[in-house]
Amino acid sequence: MIRLAVCLAIPVTVLAVLLTGRRVWLNREPENVPVMAYDVKYVAEAPDYTVDLLDYNEYSRPGTALQEVKGIVVHYTANPETTAKNNRDFFQGLKDSGETYASSHFIIGLEGEIIQCIPCNEIAYTSNERNIDTVSIECCIPDDTGKFADSTYQSLVRLVTWLMGRYNLTTDDVIRHYDVNGKNCPKYFVEHEDAWLAFKTDLLAYIEANGIAKEEEIR
């Protein structure tokens with residue numbers, strides 16, 4: 001009888017321990033998970049930009065629908081001292097020259113001016129296999145270092161944070177062309193990883209300072 005009682009007591013004790021542990025787990029304090037700015041805020045106001053869309057053509061604006069935006073890709077133009085308009089006109093000229101396939105949704109110039117070349121609901125030819133689900137931004141550069149002028153950089157921060165809010169993206173969804181296929185683009189952000197990380201920090205700071213609560217509708 002004693003042996004039977006002991007045998008019965010063991011599983012009962014184990015069950016009691018498991019149930020107690022489950023209650024403790026269910027009632028535990030929430031883990032101290034950091035909250036990012038984009039978790040609670042978004043930038044509702046778009047930066048100033050000019051819409052100067054490319055004509056429909058095979059080489060730079062095929063008109064193919066972009067079904068869903070899952071990321072933002074940052075590029076550099078690789079042609080120092082050219083303007084946003086210069087680069088927009090180059091993309092437009094591909095309609096006639098047919099020399100390559102290239103375009104971008106937005107181009108940011110040396111003075112911070114922004115031109116939209118492709119609607120955000122169409123693909124652009126700039127990010128290889130990520131053309132199908134990303135919005136692309138080309139940035140003009142003043143010299144061969146590939147470092148953006150401050151005016152260009154500030155417009156990039158404003159444009160990216162607005163797009164993040166528009167498409168409910170995080171800083172993890174903001175990538176370089178380099179992150180798609182290893183191309184040295186944007187050059188300065190590839191060769192200076194600390195500058196790329198600082199850019200991500202600046203995005204968060206801008207959202208924190210200029211964002212509004214996500215309870216309000218994103219338009």
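Just the heavy atoms: all of them, side chains too, but no hydrogens, waters or symmetry mates, feed the values below. This one's a predicted model, so the numbers in the text were calculated from it and none came from an experiment.
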- [ ] Identify whether Ile115 and Val157 are in the same connected component of the hydrophobic contact network (ILVMFWY, side-chain heavy atoms under 4.5 Å).
- [x] no

Open item on the list: Could you see if Leu110 belongs to whatever hydrophobic cluster contains Leu156? Use Ile, Leu, Val, Met, Phe, Trp, Tyr and a side-chain cutoff under 4.5 Å.
Closed with: no

Task: Reported SG-to-CD1 distance for the pair Cys139 and Ile107, which is rounded to 0.5 angstrom - done: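 Reported to 0.5 Å precision, the distance equals 10.0 Å.
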
State whether the number of non-hydrogen atoms from other residues, nucleotides or ligands found under 6.0 Å of [X] atom [atom1] is greater than 12.
X	atom1	value
Asp48	CG	no
Lys147	NZ	no
Tyr178	OH	no
Glu191	CD	yes
Lys70	NZ	no

Task: Option among Thr83, Asp89, Thr82 that satisfies the side-chain hydrogen bond (donor to acceptor under 3.5 Å, both in side chains) test with Lys85 - done: Asp89

[X] and [Y]: side chain donor to acceptor below 3.5 Å:
X	Y	value
Tyr153	Asp202	yes
Ser104	Ser136	yes
Asn128	His177	yes
Gln92	Asp55	yes
Asn87	Thr77	no
Asp52	Thr50	no

Task: Steps toward side-chain contact (heavy atoms from CB on, under 4.5 Å) verdict (Met164, Ile72) - done: CA-CA 8 Å; Met164 286 173 62; Ile72 301 164; 4.0 Å; yes

- [ ] Measure from the side-chain N and O atoms of Thr152 to the backbone N and O of Phe148, and report whether any donor-acceptor pair falls under 3.5 Å.
- [x] no

Open item on the list: Closer than 3.5 angstrom, by distance alone: can the side chain of Thr100 be matched with the main-chain N or O of Ala102 as a donor-acceptor pair?
Closed with: no

- [ ] With the side chain counted from C-beta on, respond yes when Ser103 and Thr126 share a heavy-atom pair under 4.5 Å apart, and no when they do not.
- [x]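 No, too far: nothing below the 4.5 Å cut-off.
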
- [ ] Taking the six-membered ring for Trp and the single ring otherwise, decide whether the centroids of Tyr49 and Phe106 are under 6.0 Å apart.
- [x]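 For Tyr49 and Phe106, the ring centres are under 6.0 Å apart.
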
Task: Distance flag, aromatic centroids of Tyr101 and Tyr125, threshold under 6.0 Å - done: yes

Task: Charged tip of Arg176 within 45° of Phe189 ring normal and under 6.0 Å - done: no

